[in-house]
Number of protein chains: 2
Amino acid sequence: MGVHGFERHDHARCVGSALDTAERFCAENKLKLTPARRRVLEILLSEHKAMGAYDILAILAAEGVGSQPPVVYRALDFLVGHGFVHKIERLNSYIACAHPGATHSPAFMICRACHHVVETPAQVSSGLDGAAADIGFAIEARVVEAEGLCPNCQSPDAVAR
Amino acid sequence: MGVHGFERHDHARCVGSALDTAERFCAENKLKLTPARRRVLEILLSEHKAMGAYDILAILAAEGVGSQPPVVYRALDFLVGHGFVHKIERLNSYIACAHPGATHSPAFMICRACHHVVETPAQVSSGLDGAAADIGFAIEARVVEAEGLCPNCQSPDAVAR
DNA sequence: AACTGAAATGTTATTCTGTATCAAGTCTTG
DNA sequence: CAAGACTTGATACAGAATAACATTTCAGTT
Ligand SMILES: [Zn+2]
Ligand SMILES: [Zn+2]
Ligand SMILES: [Zn+2]
Ligand SMILES: [Zn+2]
């Protein structure tokens with residue numbers, strides 16, 4: 001059992017299904033989900049939280065998959081490039097996409113107390129698109145993140161969960 | 001003459017007026033705009049672009065104001081904390097606020113070709129606020145950034161401006 | 001099957017970004 | 001003036017990301 005959004009869910013199924021989706025997508029698009037890439041995605045899916053590149057690297061190193069920074073950064077570049085993983089700029093960290101498959105411009109809620117990160121299902125950037133259109137700016141990538149307190153951490157006694 | 005938004009403007013007046021606003025705000029709120037803080041703000045206003053902390057530090061060091069990282073990071077913490085400067089998370093860099101005074105949740109357009117960064121005047125995050133309200137998340141800070149091509153850099157011959 | 005070019009890995013080193021820590025100074029306020 | 005809060009100085013370190021180059025793997029072609 002892990003935590004998704006701010007509620008519990010069946011995590012093993014969640015991980016397996018996301019991996020399957022990635023496998024299928026790569027097969028269909030002639031992309032190579034190599035061992036290192038697959039393992040990094042699996043780690044991010046399992047941990048189900050935002051992780052620093054070096055946190056991931058420590059796990060890879062312990063498993064003998066690779067122990068130098070480029071190993072994990074290359075895998076992350078691939079996974080981010082194809083939408084399997086998102087970078088949380090505010091935290092300099094990475095998280096598996098919570099809605100794989102659907103093309104989307106994700107937005108994130110980052111709890112500063114429990115450090116959970118939720119990817120919102122909905123498209124959220126309409127105002128930004130409008131502002132860009134007004135000045136003729138052509139958007140290629142978006143960063144939309146909110147930091148604050150999740151529902152669980154707003155009650156005064158919820159600090160140590 | 002500098003560049004503001006993606007058009008030209010009277011930059012000297014722009015800098016002076018922003019500094020005045022900051023001075024006034026600090027006086028009214030019993031904040032200390034110390035020499036290092038003032039100089040960092042002035043540098044960011046003058047350059048009128050997003051700068052890395054170490055770029056700023058190099059200028060400070062050349063002037064003898066201070067030469068160690070904490071000098072610039074402390075100044076930036078103060079300036080960001082009070083809204084005089086914004087951090088561009090996507091670039092790990094900092095830019096003077098283009099609309100000082102007004103409380104706002106800024107959004108930025110980052111041109112990947114000419115590296116100009118524009119702060120949009122308008123509030124842009126309504127969708128994010130709605131999504132947060134839906135799940136009971138209490139937003140304290142927002143990061144809204146778009147990367148792409150500014151109007152000047154969209155024509156094929158505009159690469160080297 | 002051998003050739004070839006593109007993509008992916010392995011490896012070393014380095015650069016860039018940001019903090020922790022502790023000592024010393026300064027300013028405010030009672 | 002004394003206490004406390006804030007600011008600065010300085011050293012060291014931690015964390016994040018990339019440069020560069022050699023080597024290997026692999027799909028497609030001859
Ligand atoms: Zn996603
Ligand atoms: Zn929380
Ligand atoms: Zn601003
Ligand atoms: Zn441009």
Side-chain angles (χ1 to χ4, degrees), chain A residues 22 26-41 43-44 49-82 84-95 110 112 115 141 143 145 147, chain B residues 26-41 43-44 50-61 63-82 84-95 112 115 141 143 145 147:
Chain A
C26 287
E28 286 168 5
N29 294 83
K30 300 190 181 178
L31 300 172
K32 288 190 255 191
L33 193 61
T34 61
R37 293 170 178 177
R38 191 180 197 286
R39 184 67 189 120
V40 169
L41 177 56
I43 289 168
L44 282 171
K49 65 182 181 187
M51 301 179 73
Y54 281 68
D55 297 333
I56 299 167
L57 182 57
I59 297 177
L60 292 182
E63 295 171 352
V65 180
S67 61
Q68 287 73 35
V71 171
V72 69
Y73 281 105
R74 284 165 178 164
L76 287 170
D77 282 350
F78 174 88
L79 295 169
V80 170
H82 294 97
F84 302 123
V85 166
H86 301 297
K87 179 173 185 185
I88 310 295
E89 296 287 349
R90 178 75 174 218
L91 304 177
N92 291 324
S93 61
Y94 302 83
I95 193 166
I110 305 164
R112 68 168 161 81
H115 307 297
V143 177
E145 301 168 5
E147 187 165 2
Chain B
C26 287
E28 286 169 3
N29 294 83
K30 300 190 181 177
L31 300 172
K32 288 189 254 190
L33 194 61
T34 61
R37 292 170 179 176
R38 191 180 197 285
R39 185 67 189 118
V40 169
L41 177 56
I43 289 169
L44 283 171
M51 301 179 72
Y54 281 68
D55 297 334
I56 299 167
L57 182 57
I59 297 177
L60 292 182
E63 296 171 352
V65 180
S67 61
Q68 287 72 36
V71 171
V72 69
Y73 281 105
R74 284 164 179 164
L76 287 170
D77 283 350
F78 174 88
L79 295 169
V80 170
H82 294 96
F84 302 123
V85 167
H86 302 296
K87 179 172 185 185
I88 310 295
E89 296 287 350
R90 179 75 174 217
L91 303 177
N92 292 324
S93 61
Y94 303 84
I95 193 166
R112 69 169 160 80
H115 307 297
V143 177
E145 301 168 5
E147 187 166 2

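Excluded from the calculations below are hydrogen atoms, water molecules and symmetry mates; all remaining heavy atoms, backbone and side chain alike, are included. Here the structure is a predicted model, which means the values were calculated and not measured. In what follows, chains carry the letters A, B, and so on, assigned in the order in which the sequence lines appear, proteins first and then strands, with residues in each chain numbered from 1.
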Exercise. What is the distance from CG of A:L79 to P of C:dA8, rounded to the nearest Å?
Worked result: 12 Å
Seminar exercise, completed: Hits for ring-ring contact (aromatic ring centres under 6.0 Å, His included) against B:Y94, two or more places apart or cross-chain, chain-then-number order -> none
Exercise. What is the distance, rounded to the nearest whole Å, between atom OH of A:Y73 and atom P of C:dT14?
Worked result: 18 Å
Exercise. Does the side chain of B:V65 reach to within under 4.5 Å of the side chain of B:V40, using non-hydrogen atoms?
Worked result: no
For this session: For B:E147, enumerate each residue passing the side-chain hydrogen bond (donor to acceptor under 3.5 Å, both in side chains) test, keeping only those at least two apart in sequence or located in another chain.
Result: B:R90
For this session: Answer with yes or no whether A:Y54 presents, from its side chain, a donor or acceptor under 3.5 Å of a partner atom in the base of D:dA17.
Result: yes
Determine all donor-acceptor pairs shorter than 3.5 Å in which one atom belongs to a side chain in residues 66-73 of chain B; sequence neighbours excluded.
none

Seminar exercise, completed: B:E89 atom CD is separated from C:dT17 atom P, nearest whole Å, by 13 Å
For this session: Any pair with a residue in residues 54-63 of chain A that passes side-chain hydrogen bond (donor to acceptor under 3.5 Å, both in side chains), sequence neighbours left out, goes on the list, sorted by first then second residue, please.
Result: A:R39-A:E63
Seminar exercise, completed: Whole-Å distance, A:L31 CG to C:dA6 C1', equals 14 Å
Problem set entry | Side-chain heavy-atom pair B:N29, B:H82 within 4.5 angstrom cut-off | no
For this session: Write down the distance between CG (B:L76) and P (C:dT17), rounded to a whole number of angstrom.
Result: 12 Å
Seminar exercise, completed: The side-chain hydrogen bond (donor to acceptor under 3.5 Å, both in side chains) partners of A:E145 (sequence neighbours excluded) come to none
Exercise. When you measure from every atom of DNA chain C, which of residues 64-72 of chain A have a heavy atom less than 4.0 Å away?
Worked result: A:Q68, A:P70
For this session: Name all residues meeting the side-chain hydrogen bond (donor to acceptor under 3.5 Å, both in side chains) criterion together with A:R37; count only those two or more places apart in sequence or in a different chain, and write none if there are none.
Result: none
Seminar exercise, completed: As a check of understanding: the bend across the helix from C:dA1-D:dT30 to C:dG30-D:dC1, end axes from five pairs, rounded to 10 degrees, works out to 30°
Exercise. Does A:R74 get its side chain close enough to the base of C:dG10, under 3.5 Å, for a donor-acceptor pair?
Worked result: yes
Exercise. Whole-Å distance between C:dG18 P and A:L91 CG?
Worked result: 13 Å
Problem set entry | Separation of C:dC16 C1' from B:M51 CE (nearest whole Å) | 15 Å
For this session: Looking at every strand, decide which applies to A:Y94 at a 4.0 Å heavy-atom threshold: base, sugar-phosphate, or nothing.
Result: sugar-phosphate
Seminar exercise, completed: Heavy-atom nearest nucleotide on DNA chain D taken for B:P35 and for B:N92; more 5' hit belongs to B:P35
Problem set entry | Minimum heavy-atom distance between A:F84 and A:L41, given as atom pair plus value | O-CD1, 4.0 Å
Exercise. Whole Å only: how far is the CG atom of A:D77 from the P atom of D:dA19?
Worked result: 11 Å
Write out a two-atom table: protein N or O, nucleotide N or O from nucleotides 24-26 of chain D, distance below 3.5 Å.
none

Exercise. Residues in side-chain hydrogen bond (donor to acceptor under 3.5 Å, both in side chains) with B:R74, at least two apart?
Worked result: none
Problem set entry | Validation row: B:V85, B:F78 side chains within 4.5 angstrom (heavy atoms) | no
For this session: Might you point out which heavy atoms bring B:S93 and B:A50 nearest each other, and give the distance in Å?
Result: OG-CB, 3.4 Å
For this session: Examine D:dA5: is either OP1 or OP2 under 4.0 Å from a nitrogen or oxygen in the side chain of B:K30? Give yes or no.
Result: no
